[in-house]
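Each remark here refers to the structure printed beneath this line.
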Amino acid sequence: IEQPIVVDNPSPVFLFPLQLNPHSAASPRLITHKLFAHLSYGIEDCWSWIVPYFGLGAEIEFQGINRSNMVQTDKTTMQQWGIWFKGGWYFE
């Protein structure tokens, strides 16, 4: 009676190893560029034996630039960026 409640809709399709093409995941050669920077500052006059510090950074990654005489790629790389804040302390 409760069987229709637990049945997946649509039902799963099972694959066999011979149905898979291992060359379908092949990718052409890629090149990306990544730039990053980080600035930090330590407050040395705070205490005599512990030094707090903080920092701020950023990064960006992008695909290589194509010249006009090159074949246009299909943009298979993922551009990404990030920012971070870092803090802590160290002992002298």
Side-chain angles (χ1 to χ4, degrees):
I1 295 175
E2 306 221 3
Q3 184 65 26
I5 294 174
V6 297
V7 172
D8 292 335
N9 190 11
S11 296
V13 176
F14 296 101
L15 296 176
F16 297 100
L18 294 176
Q19 293 175 306
L20 298 176
N21 181 0
H23 300 292
S24 65
S27 177
R29 220 178 306 176
L30 302 173
I31 184 168
T32 62
H33 306 289
K34 187 169 192 173
L35 302 172
F36 61 93
H38 179 84
L39 299 172
S40 65
Y41 178 74
I43 307 170
E44 295 186 12
D45 297 335
C46 197
W47 293 289
S48 63
W49 56 279
I50 188 169
V51 179
Y53 67 89
F54 61 93
L56 181 66
E59 66 179 349
I60 183 168
E61 184 173 8
F62 53 92
Q63 186 171 346
I65 298 172
N66 290 325
R67 307 214 187 281
S68 61
N69 60 352
M70 294 178 68
V71 176
Q72 187 72 356
T73 62
D74 58 356
K75 301 245 183 219
T76 55
T77 60
M78 177 174 54
Q79 284 87 27
Q80 56 186 345
W81 60 272
I83 58 173
W84 63 85
F85 179 76
K86 179 179 175 181
W89 60 87
Y90 63 90
F91 302 99
E92 289 187 326

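One is the number of the first residue; the rest follow in order along the sequence.
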Checklist entry - Between atom CZ of Phe62 and atom CG of Leu35, what is the distance when rounded to the nearest 0.5 Å? => result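 Answer rounded to 0.5 Å: 5.0 Å.
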
Checklist entry - Got a second to check how far Lys34's NZ is from Trp81's CH2, nearest 0.5 Å? => result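 Rounded to the nearest 0.5 Å, the NZ-CH2 separation comes out at 13.5 Å.
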
side-chain contact (heavy atoms from CB on, under 4.5 Å) partners of [X], counting only residues at least two apart:
{"X": "Phe91", "answer": "Trp49, Ile50, Trp89"}
{"X": "Leu20", "answer": "Leu15"}
{"X": "Phe16", "answer": "Gln19"}
{"X": "Asp45", "answer": "none"}

Checklist entry - Which heavy-atom pair separates Ile43 from Phe54 by the least distance, and what is that distance? => result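 Residues Ile43 and Phe54, closest heavy atoms: CD1-CE2, 4.3 Å.
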
Item to check | Set of residues satisfying side chain to side chain donor-acceptor pair (under 3.5 Å) with respect to Gln80, sequence neighbours excluded | outcome: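 Only Glu61 meet the side chain to side chain donor-acceptor pair (under 3.5 Å) criterion with Gln80.
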
Checklist entry - Does Tyr53 sit in a hydrophobic cluster with other residues, and if so which ones, taking ILVMFWY side chains as linked at heavy-atom separations under 4.5 Å, directly or through other members? => result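 Under the 4.5 Å side-chain rule, Tyr53 groups with Val51, Tyr90.
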
